[in-house]
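I have placed the structure first, in the form of structure tokens, so that the comments after it can refer back to it.
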Amino acid sequence: MEHKQASFETESHQTIQSESTDAQVRLAKNTWGDCLVIIRARVNSQSFKTWFDPIIPLKMVGNKFFIQIPSQFFSEWLEEHYYSLLTEALTQVRGTECTIEYIITPEDKDLSLVNPVSASSSTIESSASLTAELAFGSTTVSKRDHRSFAVQPTIQPSLNPRYTFANYIKGESNQFARAAALAVSNNPGGTSFNPLVIYGGVGLGKTHLVHAIGNHLVQTGKTKRVLYVSSEKFTVDFVESIQKDSITEFSNYYRSVDLLVVDDIQFFAGKEKTQDIFFHTFNALHQLGKQIVLSSDKPPKDLRGLNERLISRFQWGLTADIQPPDLETRIAILRKKSGDDGFELPHDVVEFIAANVTSNIRELEGCLISLLARASLENREIDLDLAKDVVRSIIGEVRMHITIEEIQRVVCEHLGIPEDLIRAKTRKQEVVNARQVAMYLSKELTNSSLKTIGLHFGGRDHSTVIHAYQTVEDSTKNDPKQKSLVQQLRSKLERNMG
Ligand code: ADP
Ligand code: MG
């Protein structure tokens with residue numbers, strides 16, 4: 001790698017302009033004409049058109065061959081894919097080992113046609129400085145002075161305005177990813193979270209969160225140069241740019257943003273050329289201190305079919321996961337989303353859906369939408385029966401989970417006790433027994449933690465639940481009446497759910 005870089009260098013603008021002789025220019029043209037014959041035989045016509053047609057031979061000095069190419073990206077691509085082909089062709093034509101020096105010039109500023117710039121110019125180190133130099137006639141453009149970049153393409157951010165931090169519900173399952181996303185949107189490119197990679201299963205809120213970063217930057221006026229793309233869109237854009245011979249525009253577009261979001265990078269798997277161009281885009285942005293945010297369905301190290309060097313780049317910054325939402329988060333999401341739609345769902349309906357639709361948030365939303373749709377189309381009340389119908393059709397299971405609420409309802413009904421007493425402080429013996437039996441069944445029939453169960457019984461702590469559980473377990477062994485009560489309740493609950 002090292003020797004390549006050494007022989008594949010840029011050269012001073014002024015040297016080219018003032019010191020080329022006709023003979024050197026002629027020699028370069030002839031040499032290049034012969035090289036093209038060799039190259040044409042070795043690459044397909046599409047690649048030839050894309051990567052070799054745009055090269056302009058400038059001059060041949062000793063065994064140094066100077067060529068002009070349209071962009072930094074172009075040089076990287078040549079270096080990576082055609083370096084040996086180029087040097088071999090050149091060596092074959094010249095009969096001696098030659099090196100290639102290149103000059104980056106935008107296509108409309110053909111150096112071979114431009115009059116020499118008379119002032120002493122700085123060494124050309126990037127397309128940015130050269131563009132600026134040609135456009136503004138400046139002689140001391142700093143390589144880092146990106147304000148002088150001639151024309152920046154207009155960016156279509158493609159953000160969904162609904163996906164904001166404000167309506168992203170915080171929960172234990174997403175708090176790390178959310179905090180990282182917030183940090184990045186407050187200081188894009190300025191944290192060590194570059195790239196920020198958010199990963200998690202489908203429907204867990206990755207797309208929402210990465211949009212929220214972009215929306216935040218646009219809304220706070222930090223920058224408008226924000227670009228969201230799916231990995232598929234990036235791939236399609238790239239392929240199209242090759243077909244339309246506009247690879248330089250493609251690369252300039254993607255490199256001109258302050259925030260680049262690429263969603264679902266797992267779909268880059270197996271697409272070698274797309275990964276290559278993404279790798280270069282990534283490097284260019286990272287070097288300029290621009291923020292990169294990626295999402296994926298797995299942690300980067302587990303992505304199959306992705307180039308090692310890309311995976312290692314992905315691990316430069318921060319990787320944050322989103323887990324499936326816990327019960328409390330699912331409840332909060334249902335409340336918020338139904339509230340946004342102008343509904344207040346009955347408590348038992350919320351509990352029931354949240355207990356049964358557990359896999360992801362998209363499914364939870366789907367459930368809510370079909371609940372509201374069926375209520376209005378069938379002119380039904382939104383109650384537990386309707387919720388059961390909807391959940392059954394969505395999760396497609398005959399047996400559904402039992403909720404703590406449901407257990408409380410059935411136990412109280414069976415024992416003829418007002419439901420609120422079971423959550424209240426009262427210590428009347430029959431209520432205490434009902435409460436303990438309901439706690440016992442909650443532990444047996446739901447996946448809830450002791451803490452969650454305690455919370456459902458008027459905020460009692462987990463040791464109370466353990467005590468209740470043991471009491472009921474002991475009494476069912478010694479007291480046939482208690483045993484039959486628990487059995488009856490259990491089968492009633494299981495029947496209800498069937
Ligand atoms: P992913 O990209 O991980 O597959 P999405 O971002 O598309 O998931 O999320 C699916 C749906 O769930 C979207 O409508 C999104 O708004 C919603 N959603 C996900 N997480 C949350 C959350 N924490 N708060 C509110 N809505 C969420
Ligand atoms: Mg998504």
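Sequential numbering from 1 along the given sequence is applied to the chain's residues. First listed ligand is number 1; within each ligand, the first listed atom is number 1.
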For this output row, return yes or no: ring centroids of Phe268 and Phe234 closer than 6.0 angstrom.
yes
Are Gly200 and ligand 1 in contact, using a heavy-atom cut-off of under 4.0 Å?
no
Are Arg309 and Phe279 in a cation-pi setup, meaning NZ or CZ lies under 6.0 angstrom from the ring centre and within 45 degrees of the ring axis?
yes
Nearest protein heavy atom to atom 4 (O) of ligand 1, by residue and atom, and its distance?
Gly203 N, 2.7 Å
For atom 24 (N) of ligand 1, what is the closest protein heavy atom, and at what distance to 0.1 Å?
Ile169 N, 2.7 Å
Assess whether side chain to side chain donor-acceptor pair (under 3.5 Å) is satisfied between Tyr199 and Ser296, documenting all intermediate values.
CA-CA 5 Å; Tyr199 77 89; Ser296 155; over 6 Å; no
Check this for me, if you would: do Arg335 and Glu344 make a salt bridge, where the nitrogen-to-carboxylate-oxygen distance has to be below 4.0 angstrom?
no
To the nearest 0.5 Å, atom CG of Leu259 lies from atom CG of Leu227 at 8.0 Å
Taking atom types as modelled and ignoring hydrogens, do the side chains of His456 and Gln408 form a donor-acceptor contact shorter than 3.5 angstrom?
no
Yes or no: does Arg178 have any heavy atom under 4.0 Å from an atom of ligand 1?
no
Can you pull out the closest protein heavy atom to atom 12 (O) of ligand 1? Residue, atom name and distance to 0.1 Å, please.
Ile361 CG2, 3.3 Å
Within a strict 4.5 Å, meaning less than it, do heavy atoms of the Gln291 and Leu260 side chains meet?
no
Val202: numbered ligand 1 atoms lying under 4.0 Å from its heavy atoms:
4 (O)
Evaluate the salt bridge (Lys or Arg N to Asp or Glu O under 4.0 Å) criterion for residues Arg409 and Glu406: first the C-alpha distance (whole Å), next the side-chain angles of each, then the deciding distance (0.1 Å), finally the verdict.
CA-CA 5 Å; Arg409 194 178 60 72; Glu406 181 81 353; 3.2 Å; yes
If the cut-off is 4.0 Å to any non-hydrogen atom of Tyr168, which atoms of ligand 1 fall inside it?
20 (N), 21 (C), 22 (C), 23 (N), 24 (N)
Find all atoms of ligand 1 within a distance of less than 4.0 Å from any non-hydrogen atom belonging to Thr207, and give their numbers and elements.
1 (P), 2 (O), 6 (O), 7 (O)
Number the atoms of ligand 1 from 1 as they appear, then name those within less than 4.0 Å of a heavy atom of Tyr163, with their elements.
13 (C), 14 (O), 16 (O)
Among all protein heavy atoms, pick the one closest to atom 8 (O) of ligand 1 and tell me residue, atom and distance.
Gly205 N, 3.0 Å
Parallel, tilted or perpendicular: ring planes of Phe238 versus Trp77, cut at 30 and 60 degrees
tilted
Atoms of ligand 1 less than 4.0 Å from Gly201 heavy atoms?
3 (O)
Atom 7 (O) of ligand 1: the protein heavy-atom neighbour that sits closest, reported with distance to 0.1 Å:
Arg362 NH2, 2.9 Å
Hey, what's the ring geometry for Phe250 with Tyr254, parallel, tilted or perpendicular (30° and 60° as the breaks)?
tilted
Please state which protein non-hydrogen atom is closest to atom 11 (C) of ligand 1 and give its distance, to 0.1 Å?
Glu365 OE1, 3.5 Å
For Pro325 and ligand 1, answer yes if some heavy atom of the residue is under 4.0 Å from a ligand atom, otherwise no.
no
Does the shortest distance from the Mg ion (ligand 2) to an N/O/S atom of Ser295 fall below 2.8 Å?
no
For ligand 1, which atoms, with element, lie under 4.0 Å from some heavy atom of Asn167?
24 (N), 25 (C)
Residues Arg255 and Thr281: side-chain donor-acceptor under 3.5 angstrom:
no
Check: His286 ring centroid to Trp316 ring centroid under 6.0 Å:
yes
For ligand 1, which atoms, with element, lie under 4.0 Å from some heavy atom of Lys337?
16 (O), 17 (C), 25 (C), 26 (N), 27 (C)
Which atoms of ligand 1 have any heavy atom of Asn174 under 4.0 Å away?
23 (N)
Taking atom 15 (C) of ligand 1 as the reference point, the nearest protein heavy atom with its distance
His208 ND1, 3.4 Å
